[in-house]
Amino acid sequence: MKKRIAVLGSTGSIGTQTLDVVAHDPDRYQIEALAAGSNISLLLKQIDRFAPRLVSVANRELAREVELAAGRKTKVLYGDEGLIEAAAATDADLVVTAVVGSQGLKPTLAAIDAGKAIGLANKETLVTAGHLVSERAKAKGVPLLPIDSEHSAIFQCLNGESRQEVSKIILTASGGSFRSRSRAELEGVTVEEALRHPNWSMGAKITIDSATMVNKGLEVIEAHWLFGMPYDQIEVLLHPESVIHSMVEFRDHSVMAQLGNPDMRVPIQYALTYPARRPTPTEPLRLAEIGKLHFKEMDFERYPCLAMAYECGRTGGTMPTIFNAANEVAVARFLRGEIAFLDIEEVISRTMERHTPVHTPDLDDIVEADRWAREAAGR
Ligand code: NDP
Ligand code: MG
């Protein structure tokens, strides 16, 4: 039987690569629902190709436009409710969460409540409400299958292993677009320069997050929740080639690593086919051609956002929500040219300073903390 899939954020970097994986193995998959923001021309092509029963877009006007062009076979919804329906109200077995930002939280919770497996790309969801998401997934017996390449690597290294025997998780970090620059050389960098990632082609927000190392900070918190690992057993290692996607060290000091060319279609497909593996269009890894791999200890002074992320993770409660929301606002402001690159960390740290965390927050507390942080960071 075909695996039935819903893709939230189908027009983005992860969304389009997910559909590419599906298109390479069309007999295995049926697309049930697609949700996009405002890229209607691409969404219409996707509707034509994959014939989803339901689609959702950002707002009513766009929904109207899609309805007129797509015909009656596709149900068209919009807004937060549309996104939630796309996540939960179809026959999908698995939902790929590839919208960007904490707007991924409610649809992910809805999909879990509806008993759907989650192909988790949207890391902001776990950062903002890790305890709620992991508790609910556990209670529902729903798997959270990581798509983020580092977490997919760790997930693979832990296959069949006992968590008690893990001494640490080692997340690798490429260093992002400014890795060869000192802090002083970050003054006045442009948006275009920041968007030029050396190894990966990704959406704008995560590309900026990679340059500030916020992305790795979000991934540390994501790893904490996905693998139940305390923060002092999660380490970050600079590895400019992005060939080793991450590693696990066991108590006998044996280290397992997962390697491959930097191509997100591999971890995406693994989440779709787990526990099986299928051929991919990805080039095989040719280590002899690469010759050397490099590693460097993480420099927390060069990348203060990573230190802030660890601090937020350890504080817990609503603090990671604040870190994430302040960062989302700061990145959007940087992309609009309103603030400088180095102001991103300033916005995050000032917002964190002003927040009194709520411990064991419920969903309302999280929504309120997220709202507060967005307002504070926007000023
Ligand atoms: P993109 O910016 O490329 O894509 C975001 C997607 O979300 C687009 O399809 C966009 O639609 C959609 N979207 C925006 N607003 C809405 C809305 N209101 N309702 C429904 N959909 C909406 O992001 P990425 O693909 O790069 O990243 C997605 C997530 O995956 C992020 O959380 C990121 O951290 C994570 N991730 C990404 C990786 C990558 O390689 N790109 C690697 C690991 C994790 P539209 O364009 O139509 O407006
Ligand atoms: Mg990653």
Side-chain angles (χ1 to χ4, degrees), residues 6-20 33-47 54-60 62-63 65-66 76-87 95-108 118-128 146-155 171-174 176 195 197 199-210 213-223 226 236 239 242 244-246 258 262-268 271 324 327-328 331-332 335:
V7 185
L8 312 183
S10 67
T11 48
S13 162
I14 294 290
T16 51
Q17 293 182 86
T18 303
L19 293 176
D20 195 36
L34 297 174
S38 51
N39 188 347
I40 301 308
S41 60
L42 180 55
L43 179 65
L44 286 171
K45 286 188 197 135
Q46 295 177 342
I47 294 172
L54 188 159
V55 300
S56 176
V57 291
N59 60 47
R60 187 205 294 255
L62 295 168
E65 207 178 303
V66 175
V76 186
L77 302 169
Y78 62 89
D80 290 348
E81 277 164 33
L83 194 54
I84 289 172
E85 278 209 37
V95 178
V96 173
T97 64
V99 294
V100 60
S102 63
Q103 65 171 337
L105 174 59
K106 283 184 182 170
T108 304
I118 306 294
L120 188 85
N122 178 274
K123 59 191 84 182
E124 295 91 342
T125 290
L126 269 191
V127 170
T128 253
I147 284 180
D148 212 344
S149 56
E150 294 79 359
H151 304 76
S152 177
I154 293 161
F155 185 68
L171 293 171
T172 51
S174 71
L195 285 175
H197 195 286
N199 303 350
W200 300 92
S201 158
M202 310 182 283
K205 194 246 173 193
I206 184 174
T207 306
I208 303 302
D209 287 351
S210 299
M213 210 47 86
V214 164
N215 181 50
K216 212 48 59 179
L218 299 175
E219 290 183 356
V220 166
I221 302 174
E222 186 185 10
L226 273 176
V236 176
H239 166 46
S242 300
I244 297 185
H245 297 310
S246 276
Q258 187 258 343
D263 185 333
M264 285 307 296
R265 292 175 301 180
V266 178
I268 291 170
N324 179 66
N327 176 60
E328 283 188 32
V331 171
L335 288 171

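Counting starts at 1 for both ligands and their atoms, following the listed order. These numbers were taken from a predicted model, which means no experiment stands behind them.
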Just jot down the salt bridge (charged side-chain N to carboxylate O under 4.0 Å, His left out) partners of Asp80, sequence neighbours excluded, or say none.
none
Could you check if a side-chain atom of Gln17 sits within less than 4.5 angstrom of a side-chain atom of Asp263, using non-hydrogen atoms only?
yes
Restricting to non-hydrogen atoms, name the atom on [X] and the atom on [Y] that form the minimum distance, rounded to 0.1 Å.
X	Y	value
Ser210	His197	CB-CD2, 3.7 Å
Ser13	Ser201	OG-O, 3.6 Å
Ile147	Pro267	O-CB, 3.3 Å
Ala173	Val236	CB-CG1, 3.9 Å

Side chains of residues 35-43: which donor-acceptor partners sit under 3.5 Å, not counting sequence neighbours?
residue: Asn39; atom: OD1; partner: Ser41; partner atom: OG; Å: 3.4
residue: Asn39; atom: OD1; partner: Leu42; partner atom: N; Å: 3.2

Identify, chain by chain and in numerical order, each protein residue with a heavy atom under 4.0 Å from an atom of ligand 1.
Gly9, Ser10, Thr11, Gly12, Ser13, Ile14, Ala36, Gly37, Ser38, Asn39, Leu83, Ala98, Val99, Val100, Gln103, Ala121, Asn122, Lys123, Glu124, Asp148, Met202, Gly203, Ile206, Met264
Thinking salt bridges, do Lys123 and Glu150 make one under a 4.0 Å N-O criterion?
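No, Lys123 and Glu150 are not salt-bridged.
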Enter the distance from Ser246:OG to Glu219:CD here, rounded to the nearest 0.5 Å.
7.5 Å
Let's test this: below 2.8 Å, count the protein N/O/S atoms around the Mg ion (ligand 2).
3
